[in-house]
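First listed ligand is number 1; within each ligand, the first listed atom is number 1. For reference, positions follow the sequence shown, starting with 1.
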Amino acid sequence: MVKKINTQWLRAQNKDQYVKQARDSHYRSRAIYKLQEIDQKDKIIKPNACVVDLGSAPGSWSQYASERVGAEGRVVSVDVLPMEPLERVLFILGDFTEAATENECLGYIGKQGADLVMSDMAPNLTGIRTTDQARSTALAELVYNFCYRALKPGGDLVVKLFEGTGTDEYRRLLQARFTKIMTRKPDASRDKSREFYVLARSYRL
Ligand SMILES: C[S@@+](CC[C@H](N)C(=O)[O-])C[C@H]1O[C@@H](n2cnc3c(N)ncnc32)[C@H](O)[C@@H]1O
């Protein structure tokens with residue numbers, strides 16, 4: 001069964017235009033095209049900004065963000081899996097659900113706060129829809145709470161969610177602290193996938 005799923009996944013990967021595009025570019029993953037599309041539409045990554053990338057490995061979002069912020073900007077990235085080093089990217093190897101990881105990240109961000117927090121974190125999928133959904137929402141809630149300590153006023157958040165129970169409540173949670181909440185489903189996000197991104201703009205303390 002596992003072998004069959006893997007074969008199907010590999011076939012889909014090979015047909016996928018974004019996988020080919022990523023292979024022909026210097027980016028480490030097709031995920032880059034999701035962030036690129038959101039950024040091109042909404043202009044979320046600005047020169048000289050401080051950007052936090054949660055769930056960063058293998059690193060294509062961090063690559064893109066570090067190019068966009070430039071030499072005067074900063075990218076702080078976190079993943080529970082190792083990530084090959086990138087120029088101008090501070091990488092923290094750790095589980096974001098642990099307070100020590102969050103505190104280390106805040107230490108790198110510094111007192112002035114971050115301009116953008118982005119989370120492409122996804123839990124290890126069990127295939128049990130309700131469990132996966134609950135874990136994904138729990139991670140997103142942690143990210144929301146992190147914004148209180150990490151974002152500067154006026155800062156933005158991009159967070160991955162999976163459509164299902166709890167996502168409407170999550171949007172409402174964001175409304176308490178952000179001025180504008182938008183939903184984004186980039187072309188590179190596979191049609192079959194229930195994943196989508198919420199873009200929350202202009203954080204209010
Ligand atoms: C879809 S991948 C991210 C791809 C990445 N945006 C890129 O462009 O290369 C999701 C990542 O979230 C990470 N992740 C999931 N749960 C995490 C946690 N609790 N703490 C840190 N990283 C986590 C996974 O290890 C995985 O590398």
Does an N or O anywhere in [X] fall below 3.5 Å from an N or O of ligand 1?
X   : answer
S60 : yes
I32 : no
F96 : yes
G59 : yes

Among all protein non-hydrogen atoms, which one is nearest to [atom], and what is the separation to 0.1 Å?
atom                    : answer
atom 26 (C) of ligand 1 : D79 OD2, 3.5 Å
atom 2 (S) of ligand 1  : A57 O, 3.8 Å
atom 21 (C) of ligand 1 : V80 N, 3.4 Å
atom 10 (C) of ligand 1 : D120 O, 3.4 Å

Numbered atoms of ligand 1 (with element) below 4.0 Å of [X], judged on heavy atoms:
X   : answer
D95 : 18 (C), 19 (N), 20 (N)
L81 : 25 (O)
G94 : 20 (N), 21 (C)
P58 : 9 (O)

For Y33 and A188, the nearest pair of non-hydrogen atoms, with its separation, is CB-CB, 3.8 Å
Closest heavy-atom approach to atom 15 (C) of ligand 1 among A122, G55, S119 is made by A122
Logged contact type for K160 with ligand 1, heavy-atom cut-off 4.0 Å, is side chain
The answer for which part of S62 has a heavy atom under 4.0 Å from ligand 1 is neither
Could a heavy atom of M121 be found less than 4.0 Å from some atom of ligand 1?
yes
Have [X] and [Y] got a donor and an acceptor in their side chains that come within less than 3.5 Å?
X    : Y    : answer
S62  : D53  : yes
E67  : Y27  : yes
T131 : T126 : no
D156 : Y203 : no

Q.
What verdict does the salt bridge (charged side-chain N to carboxylate O under 4.0 Å, His left out) test give for D42 and R184, after you've listed the backbone C-alpha separation in whole Å, the side-chain angles of each residue and the deciding distance to 0.1 Å?
A. CA-CA 10 Å; D42 297 292; R184 296 287 177 255; 2.9 Å; yes
Does Q133 reach the main-chain N or O of F162 with its side chain, forming a donor-acceptor pair under 3.5 Å?
yes
To the nearest 0.5 Å, atom OH of Y197 lies from atom OG1 of T183 at 13.0 Å
Sorted by chain and number, sequence neighbours left out, side-chain contact (heavy atoms from CB on, under 4.5 Å) with T130 holds for I128
The side-chain contact (heavy atoms from CB on, under 4.5 Å) partners of K152 (sequence neighbours excluded) come to D115
